[in-house]
Each structure stands twice: as C-alpha cells, then as structure tokens.
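Each ligand, and each atom within it, is numbered from 1 in the order the structure gives. Being a predicted model, the structure only gives us computed values, none of them experimental.
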Amino acid sequence: MKACTIDLQCENRTNPLGLDELRPRFSWKMQDAREGACQRAYRIVVGTDADGLLCSRGVVWDSGVVKSADSVLVAYQGEALKPRTRYYWCVCVWDKDAQPVDWSTPAYWETGFLGQSDWPAQWIALPIGKQGGAERPCRYLRKTFILDSKPLSARLYITACGVFEPSLNGQRIGTDWFTPGWTDYSKRIEYLTYDVTAQLQKGSNCLGVILADGWYCGYLGLRHTRNHYGQEPVLLAALIVRTTDGKELTYGSDESWEGGTGGLLSADLYNGEVFDARCDAEGWCAPQPCPLNNLQTVQIPAEDLAAAPALAGKIMPPTRVTEVLSVQSIRPIADGSYIIDFGQNLVGVAKIRLREDNGTRVVLRHGEMLEQDGTLYTENLRSAKCEDVYVCNGHGMETYTPRFTFHGFRYLEIRGLSHPPQADDITALVLHTDMRETGSFHCSNVLVNGLQNAIRWGQRGNFLEIPTDCPQRDERLGWTGDAQIFCRTSTFNYEVSTFFRKWLGDVRDAQYEDGSYPDVAPDLLRVSNAQLQRNATHPHSGNAAWAEVGILCPWTIYERYGDTRILEENYPSMLRWMDYQQGVAPTGICPNTAYGDWLATDAVRPAWGPTPCDLIGTAYYARSARIMAQIAATLGKEADRKHFSKLHAFVRDAFVREYVTEGGRLAGDTQTGYALAIVFELLPPERIEAAARAFEQTLARRNDHLSTGFVGTPVICPALSRIGRDDLAYKLLLNETYPSWLMPIRNGATTMWERWDSWTPQTGFGDINMNSFNHYAYGAIGEWMYAVIGGIDSDPSAPGFRHFFLAPRPGGGITCARAELESPYGKIVSDWELEAGNFIWQVVIPPNSEATLRLPSNQWQTGRLNSHDLSAQRMAEGVRLQAGRYRIELTNPAKLPIARDCVDAL
Ligand code: RAM
C-alpha cells in the first residue's frame, strides 16, 4: 500500500467548528507499513479556499518545507485568523527515504468569535414558574423569519445558562445533549457552533430552543438546593446566514423572540423529568402560528450576563448517545410494576414506546442494584429522585425519551402500565462526553477482563462534561482527587486530552485567592456554601492528593498526548499553588488536610485510614515539586527548574526525617505509606530494601490483601512491581475475596464501586450515606494492567508516545494478553502468549515513533526478533526498535529451573 497521511486533526478534533484558538495546532498520522517508517520533513498549507491550497489561492500560511519529525500538535504560524471563517489545510510529508508522500486530502476548521464579546444577540429569558415549587417547566423559545432564497451557508452560534436543545423547522439541530455543559458560569461560558445550512429553506423558517435548568439553576450539590448560579435559565443565540448574493443576515436572540411552555413540565439532572404529552405543543418549532401554552414575548434579563463571563468555543466533544443497550430481562413485581435489567450499569436514560389511554401516568425509576426481594435499591441515591414521569395523550403509539436528565442505572422500574412491557419497546441510551475510544485490554483471565470492562464503563459514565465522582446520587461533582487518581488510566481507554484541557480551565477558575486548588471543579461547594452563608466544616481546597490535580493532571496529559500548551496554560496557576504550599509547609511537612487515604479499609476513623494525613500531604508535596522541576525544564524555565529541584530535595529530606525510621519503617506502617514512598521515590537508597520488606509485611499481615483507599490504591501494584514483587501485585489483583478488585466482579459488578465493601456477600450493602456503584477511583489499577500485563507504557522524555516502552511482565497464571492503544502516531499493539513455556510476542510500533522493548525476564535463553537471533546482551539490555511489526520469540531449549515471577507466568 502506498504511504499516505491520514487522520488530520485540528486541536485534536476532526474538522471542528467554532474554534477560538488563535494559533490552532495540527496533527496527522502517517500510514506507511514499511519498517522504520518515519517523517523526515513536512509542509503545511492553510487557506480559505480548499481548491486553492496548492496553487497559492487564498493561502494564509505556508510553512514551507520544515525538516522535522513533528506530526503532533504543530502550531499555526500564519497571519492573524479572522473570526467565523472556514480555513482549509493540508499537509505533505517526506518519508524515511526523503521522498514526498502525496498531499493529504484537505481538512478544515472554522474559527468562532475568537474572543470578541460583541455577539449580534442578547441574552433572553422567559420568566415562567420562576419561583414555583419543585416543578419548573422547561422554556420553549422560538423565532420565525423569512428567507428569500435557500442560503449559501448558515451557522448557529448558541449557548445558555442552563441546558438547551435547538431545532430548526421542527428538526433537531445536531445530536448533542446537555449543551453547553458545566463551567463556572460567572467566569466562562462555552458556546456551540452548528452548520445549519441544509435545515433552512426558502420562505418561512422557525428556529426553536428548549431550555432547561441543568447545572445552572437545577438541584445540585450535597445539600439538595438549587439556583446555585442564577434564578432562571437564559439563552444566547445568533443565527448567521450567508446568502447566495453575498449578504450576511443575522437573527440574534432578542425581544422579537417568543416563548411558552409545552410537554416538559419539569426537568432536573438529579430528579428527572415530567413530560405530559397532553400539554405537548406539537409543531411548536414549525413556521406557523405558535401552539405553545402560556405564550408570551421573551425578556432581556436585568443583569447583563453577556458582559461578565468570557464566551469560549467549546473545545471538547459534547455529550452524545454513544450506544443503545437492549433489555436483558423483564420481571413483574407483586405491586404491578416491572423491573427491567439492561445487564450493565450505565449512565443515560431509558427510551420507551407505549400505547396507553389518555392521562395514563407512567413512572420510570432507576437503580444500580436490587434489594434481596428483587425490588429496586434506591437508598444510595440519597435525595436524588432519579425518576422520569410520562403522561400519555392516548394518540396511539407514543415514544418518550427524556432530554435534560441522566441517571446512573442498570435496572429500570416501570410503573403504571396497563399491560406487561415488551423488550422491543424499551432501550437504554448510553450518554457521555463523546470521546474517541483509543485503547483496549484483554487477557486470558475472564475476571480481569471483567475488571477492565468495569473500569471502562466507570469512565464512560463519569466523563460527562466534567470528570464526576459518581453519576447517580445527589452529588455528581468534579472531585479533583478522583480525577487526579484516575487520569493516567483514563488516557489508555479514551482520547481525553480536550476533555481535561477544558476541565483544567474549570480547576483554574476555581483556584482560591490564596493559590490553593479546590476539592471540586467547578467549585460548587464554595458556591453553595456562599449561598447558604455557611462556613465549611473544613476548607474545600488545598487538600492533599486532591489539590495536586493542578500539577499532576496537566503533566499526565502532556506525557500522553505531547501537548505542551496545556503546561504553558496552567503554569502560572501551578506557580500560585506551589507558593501556597511553601507558605503552609515552610519546614517541608504539610499540615493535616481533609481526606487522608479516603475510604481505606484499615480505617480507624470512618473514612481516613491510619496513614497520617500529613505524610500523604508531604509525599504529594515532594511529588509536585519534582514534577514542577520537569515542567519548568520542558518550558525552558531554567531558574524555576533549579528552584523546584532544590525544593524537591528539601521536602524529600523532610519526609525521610519525619516519617522513615533508620530501619526503613514508615510512620503508620501502612500499605499506602510504603507505596507512596516507593513510587514517588522518596526513600534514601540504603533504606529501600528494609522499607520493601516492611511493606511486604503489611500485606502478609492481611493475608496478602490490600487495605488501601483512594490514595494508596493507584500506587500499590506499581510499588510492588518497583520492588521486584510483581508476584505480590498479581496476587492482589487476582484476589477474589474482600477487599479486592475482583470480589465485586465475581459478584456481578459491571462498573467500579466506591467502596471495597459497597456490597459484600457477608454484610450486604455498605454505608448508604455514601455508596456509589459507579465510582472510577479504584479503577486506577487500569494503568498497571495496560503497562505491566499488557506491556504498553509512555516515556515522559518523549511525550505523546513518540518513544515508548513495550515491557509486559507476565504473572498470576495469565497465559496471554493483548493491549492496544491508538497513540498520536497511530496504533500500538502488544500481544503476547505463553505457549509450551515459550514467550511469543507480537508488537506494532506506529510510523514516526520508536519503542524500547524490555523482555519480560532474563529466564529465557534464546530469543528471536522476526528472523534474527537476539544476542544475550540485547536480551538483557532491551531493544530499541523503529516503526514496524515485529514478532519476538523467547525460548528455553534446555528447560532450566526458572525464577519466581516466571513460575507464576507459566
Ligand atoms: C465523596 C466523593 C468523592 C471523594 C470525596 C472526598 O463525597 O464521592 O469520591 O473524593 O468524597
């Protein structure tokens, strides 16, 4: 096959609209199956005319031939970009023989308002049911207008404080849900851009928008309150039409819009929806007299919303339906309701089709688990009602899909039907941020595959606009610790660079005046405390392992995606945090902070566990200082690098002085303490051995079971691997008794649970005050599974997988594993099996990247790489390989005795 350039991306997205990036970055991949395929040079051309790119027509930037292997996030350097303009771009690369590969097919992006605040539109509101009780109807807003001809092109720029669903001439625009998403609306609001050319017609048109409370003024947070950001939802929309005779017509939201109510009597993220089909104003979005109830003209809200917050084009994919699940079973319950099982704990809504009499009220309730008697378990939802109600109009077959709510559920309870539901009439729509799936992991152990599935679903359900702790109860907040802990694993499963880039903006927006990073972002806890005029019981910022998200998360994204801008963008905020840390910990020892090793099983207090909180804080402080030194080096800030290197040494010394005995024992003597000290490399070399032995004892004392919480869990297996005890790491991974990863899987879990004892066969359900069955934190074991079992790991010194490691270390009786990762350079594969004592390994290294192979152990005597013999030296040292497909075979002809980790493998 001829080499070519594929997968052209602008700011990590394919042909995005409404980008507000002044210097957007381009990425592409080479498709070149030859061994050693790489890029010697590139040339990018950008212009306003797709056909003119190669003949200098409309060209705004021609990079010229650049002798460089760069193909990931190469920044635009042409003339200033114009707002609301489409730019095409294409790239030509020179291959390993310095031969040009054909020009790529052009890709494009469109600029948004580029930070201009003068939108040709005004914020509008419809003051209906503003006060009201629990039920507050959705607003249906519309504007009719006449076009003399079909337009050349048309774009809708739209956002809201609240959530909206737009339509044109009765047809929904796009497939996005919960737009514009959640930010701190007083600081930054994202907007969406839609190409609506095809939906407009000559003559009368109607643009309609349904507006609901969403995160802006719906119920939110831990105290069952609402209106955190405002009293009522508001809309801002500008439809800009280009006519064939070169005119630009604008229809912005203003007083000429009208609005009213329809079937959606209420819609709330926590509580669910009420839809009364009898009140539905069919055809409300058609260019005809408006059938809406309570019809009135809109109002311009008194506060000038448009002036305050920055409007920014949405940089990550919106939430969409990514999968539709069908019913696995339906069971009648004695009280006349039915329980439907989708076989998978998911986040989304149920879609139902039904035929009932006018006025029949059908209630859908959602739960993650069942009680022993087979009824729905809802206690763990706390105050979130998670209930959708549909009132039939009796006009034959009716279909209902909620629009402005989401639930975390595996089971659906239907109540109110006159006859048993049919499986064909019900589906579950899976909703989350529409990130590209990039990784997969399988191995010979079915339960471990179940765990990987649970981790993946945990990520899907909780990566919904922001990284949430859980998707079902009255919480669903962007807890920074959870995201910090899970971030590395998440990069294996999905493309999350834009997701985190956006959310780190929320983290920065929420940073406290003193420089401390918040517990949650957007910082709803601060907003609701202020609203209730309450002082928090503890500060909701600066807490160890939560606050460090501001340093560690950008670093992970940089390491995995080669995105240097994310470091630049966050650097000033990181410096403020480090200043804060230096202020509160002048001796290097961090004060006690809130969460400790959250939900550790060895807890003496309810949630903290016996690992001293200040030990955790100090370990994280040292870690941050070290990463800061690396970030400063990456950004070429030499003075800062020196400063943070010194700080790192200072904090590490303090850590050792305070928490590590001469004999290598750590304060608290907990698994988490040892694991942190080992993985964060805090121990002096001469004490590592003794600490390792003490660490092993903490496991032995628990019959080789873990006792870690949120902080210790992500590092426990990596720490054991570091001290040469892969065998113990495998033991922990494969334990099927409490506490372990596989106990829930063995008992039917399809997502990660919040607690090791969220449910156990012996004790039943755990503490209902906080018991989620979809909480990704403990899924942080995923990165170890990909890296150690699967064998794929990144190299921070060559970010974005430009160079990476292929280094599986079989164990635990697992006889084969396959890990795949779509990296910024293309697909990486590591696929091995143990066959009659031989290790057979196939790997794929994508074009323009390189990998170092580290062989699983030194127990094999002979090795072959494709058709060549591997020398003993190469086998011992590792093999650096260029792009290509390779087969490695390691054999032991003489069958000599073999060492421990290998025995496990066989
Ligand atoms: C709980 C959340 C979250 C955790 C905090 C400390 O409320 O669910 O997972 O980070 O507490």
Side-chain angles (χ1 to χ4, degrees), residues 219-225 269-270 345 347 368 379-384 408 454-455 458-459 461-464 466-487 489-490 503 506-507 510 516-529 536-550 552-553 592-601 603 605-609 611 613 616-617 620 672 708-714 751-758 765-781:
Y219 285 94
L220 196 59
L222 303 163
R223 303 209 169 91
H224 207 70
T225 51
L269 295 174
Y270 286 178
N345 198 18
V347 173
E368 298 182 294
E379 268 183 317
N380 67 329
L381 305 177
R382 301 195 304 219
S383 72
I455 297 171
Q459 178 167 355
N462 284 297
F463 278 41
L464 195 157
I466 61 156
T468 56
D469 57 334
C470 57
Q472 72 297 80
R473 66 176 177 232
D474 53 356
E475 190 152 358
R476 314 184 195 186
L477 301 179
W479 282 94
T480 46
D482 306 39
Q484 185 274 113
I485 285 160
F486 187 65
C487 181
T489 296
S490 75
W503 183 67
D506 301 334
V507 172
S516 60
Y517 282 118
D519 290 355
V520 299
D523 195 356
L524 203 268
L525 299 178
R526 191 209 276 229
V527 174
S528 68
N529 280 333
T537 42
H538 64 78
H540 280 304
S541 72
N543 289 309
W546 272 247
E548 281 82 3
V549 74
L552 302 180
C553 194
N592 266 335
T593 58
Y595 306 116
D597 188 19
W598 188 246
L599 303 187
T601 64
R605 282 175 286 163
W608 284 257
T611 310
C613 294
I616 294 173
Y620 262 94
T672 294
T708 50
F710 277 32
V711 172
T713 301
T751 39
M752 301 307 296
W753 294 353
E754 180 169 21
R755 298 169 177 272
W756 298 117
D757 62 352
S758 282
F765 288 113
D767 179 359
I768 54 153
N769 289 313
M770 220 182 63
N771 197 18
S772 148
F773 290 89
N774 196 353
H775 227 80
Y776 55 59
Y778 289 154
I781 183 66

Asker: Would you say the side chains of Thr708 and Thr672 form a donor-acceptor pair under 3.5 Å?
Answerer: no
Asker: Find out whether Phe773 and Asn380 are in side-chain contact, i.e. whether some heavy atom of one side chain is under 4.5 Å from a heavy atom of the other.
Answerer: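 Yes, side chains in contact.
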Asker: How far apart are the closest heavy atoms of Leu477 and Ile466, and which atoms are they?
Answerer: C-CD1, 4.1 Å
Asker: When you measure from atom 9 (O) of ligand 1 to every protein heavy atom, which one gives the shortest distance, and what is it?
Answerer: Asp482 OD2, 2.6 Å
Asker: Would Tyr595 count as a polar contact of ligand 1, with the cut-off being nitrogen or oxygen pairs under 3.5 Å?
Answerer: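 So ligand 1 has no N or O lying under 3.5 Å from an N or O of Tyr595.
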Asker: Counting only heavy atoms closer than 4.0 Å, does ligand 1 sit against the backbone of His540, its side chain, both, or neither?
Answerer: neither
Asker: Nearest protein heavy-atom contact for atom 7 (O) of ligand 1: which residue, which atom, what distance?
Answerer: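 Minimum-distance protein heavy atom for atom 7 (O) of ligand 1 reads Glu475 OE2, 2.6 Å.
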Asker: Contact between ligand 1 and Arg476 is defined here as a heavy atom of the residue under 4.0 Å from a ligand atom; is it met?
Answerer: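 Under 4.0 Å: no for Arg476.
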Asker: Give the numbers and elements of all ligand 1 atoms closer than 4.0 Å to a heavy atom of Phe710.
Answerer: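 Contacts of ligand 1 toward Phe710, numbered from 1: 9 (O).
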Asker: In the protein, what heavy atom is nearest to atom 11 (O) of ligand 1, and what distance, to one decimal place, separates them?
Answerer: Trp598 CZ2, 3.4 Å
Asker: Tell me, with the steps shown, if Asn774 and Glu368 meet side-chain hydrogen bond (donor to acceptor under 3.5 Å, both in side chains).
Answerer: CA-CA 8 Å; Asn774 196 353; Glu368 298 182 294; 4.9 Å; no
Asker: Do Asp757 side-chain atoms and Gly766 backbone N/O form a donor-acceptor pair below 3.5 Å?
Answerer: no
Asker: Numbering the atoms of ligand 1 from 1, which are under 4.0 Å from a heavy atom of His775?
Answerer: 3 (C), 8 (O), 9 (O)
Asker: For ligand 1, which atoms, with element, lie under 4.0 Å from some heavy atom of Glu754?
Answerer: 8 (O)
Asker: Taking the six-membered ring where the residue is Trp, are the ring centres of Tyr776 and Phe486 under 6.0 Å apart?
Answerer: yes
Asker: Within the 3.5 Å criterion, strictly below it, is a donor on Tyr620 or Gln484 matched to an acceptor on the partner's side chain?
Answerer: yes
